Amino acid sequence: MSARSKLRLASFALVSGIMLTLLSVSVERKGPELAPYGNLCGPRHDDLCYEPQLKGGFPIAYLFDSPGTSVERDLGLEDKLVLGALFLDIALYFVIVLLVVRVVSFR
């Protein structure tokens, strides 16, 4: 395999990994992290109300709902982005795409 075709393969895998990671934000789940979603809890109704936090991304969640600063229970651009988890998801999808392309090319 020439250097040019290796570069094309790596570029394709990187772009695919980024796209798959960004599309995976639609995989939403809750918890086990807790976040304050209100302040009318407790016996005197003056304590914070903690509920499981909404998060998005697969296999590792990288976008977390930020109650109070964004629309609650809805992921968007204003929510908390964890860059380490985002880059790890991109790396995982990059490796998966490379493996799939290699297996398909050997057949």
Side-chain angles (χ1 to χ4, degrees):
M1 184 179 277
S2 70
R4 178 172 273 170
S5 60
K6 286 181 181 179
L7 181 61
R8 283 187 192 141
L9 175 63
S11 299
F12 172 75
L14 181 62
V15 169
S16 298
I18 291 170
M19 293 305 296
L20 288 169
T21 299
L22 294 177
L23 288 172
S24 77
V25 78
S26 63
V27 178
E28 297 178 356
R29 53 199 183 277
K30 290 186 178 184
E33 299 87 359
L34 297 177
Y37 280 96
N39 59 354
L40 298 176
C41 290
R44 296 184 306 170
H45 299 289
D46 61 351
D47 294 330
L48 293 175
C49 303
Y50 288 96
E51 294 181 19
Q53 188 175 25
L54 181 65
K55 56 188 174 181
F58 183 81
I60 300 167
Y62 59 86
L63 189 63
F64 293 84
D65 190 24
S66 298
T69 60
S70 70
V71 178
E72 291 183 6
R73 296 172 188 86
D74 189 27
L75 295 174
L77 295 175
E78 68 280 352
D79 290 316
K80 181 181 176 190
L81 178 67
V82 179
L83 289 177
L86 176 69
F87 292 141
L88 189 56
D89 269 359
I90 291 171
L92 288 171
Y93 282 116
F94 174 78
V95 169
I96 290 169
V97 170
L98 277 180
L99 291 175
V100 168
V101 168
R102 296 287 274 179
V103 167
V104 169
S105 67
F106 282 134
R107 292 182 176 214

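Everything numeric in this text was worked out from a predicted model, so none of it was measured.
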* Nearest 0.5 Å, what's the CG-OG distance between Leu14 and Ser16? -> 8.5 Å

* Only pairs at least two apart or in different chains count here, so list each side chain to side chain donor-acceptor pair (under 3.5 Å) that has a residue in residues 81-100. => none

* Asked: Is there a side-chain contact between Val97 and Leu20 (heavy atoms, below 4.5 Å)?
  -> yes

* To do: State which residues pass side-chain contact (heavy atoms from CB on, under 4.5 Å) with Leu83; sequence neighbours excluded, sorted by chain then number.
  => Leu81, Leu86, Phe87

* Asked: Considering all heavy atoms of both residues, which atom of Tyr62 and which atom of Ser24 are nearest to each other, and what is their separation?
  -> CE2-OG, 3.8 Å

* Do you know the tightest heavy-atom contact between Phe94 and Ala10? -> CE1-O, 3.5 Å

* State yes or no: do Val15 and Leu88 share one hydrophobic cluster built from I, L, V, M, F, W and Y residues joined by side-chain heavy-atom distances below 4.5 Å, directly or via other members? => no

* Asked: Looking only at heavy atoms, what is the nearest atom pair of Ser66 and Asp79, with distance?
  -> N-OD1, 3.0 Å

* To do: Mind listing the closest non-hydrogen atom pair of Glu51 and Tyr37 along with its distance?
  => CB-CD1, 3.6 Å

* If you take all heavy atoms of Pro67 and Ala35, which pair is closest and at what distance? -> CG-CB, 3.8 Å

* To do: With sequence neighbours excluded, tell me which residues meet side-chain contact (heavy atoms from CB on, under 4.5 Å) with Val27.
  => Arg29, Phe58

* To do: List the atom of Pro32, the atom of Lys55, and the distance in Å for their closest heavy-atom pair.
  => CD-NZ, 3.7 Å

* Which residues pass the side-chain hydrogen bond (donor to acceptor under 3.5 Å, both in side chains) test with Glu78, sequence neighbours left out? -> none

* Asked: With sequence neighbours left out, which residue pairs that include part of residues 20-68 fulfil the disulfide (SG to SG under 2.5 Å) condition?
  -> Cys41-Cys49

* Do Leu99 and Ile90 sit in the same hydrophobic cluster, where Ile, Leu, Val, Met, Phe, Trp and Tyr count as joined when their side-chain heavy atoms come under 4.5 Å apart? -> yes

* Can you sort out the partners of Asp46 under salt bridge (Lys or Arg N to Asp or Glu O under 4.0 Å), two or more places apart, ordered by chain and number? => Arg44

* To do: Test Glu28 against every option in Leu54, Leu63, Asp65 by the side chain to side chain contact (heavy atoms under 4.5 Å, CB included) rule and name the one that passes.
  => Leu54

* Euclidean distance, Ile18 CD1 relative to Leu23 CG, rounded to 0.5 Å -> 12.0 Å

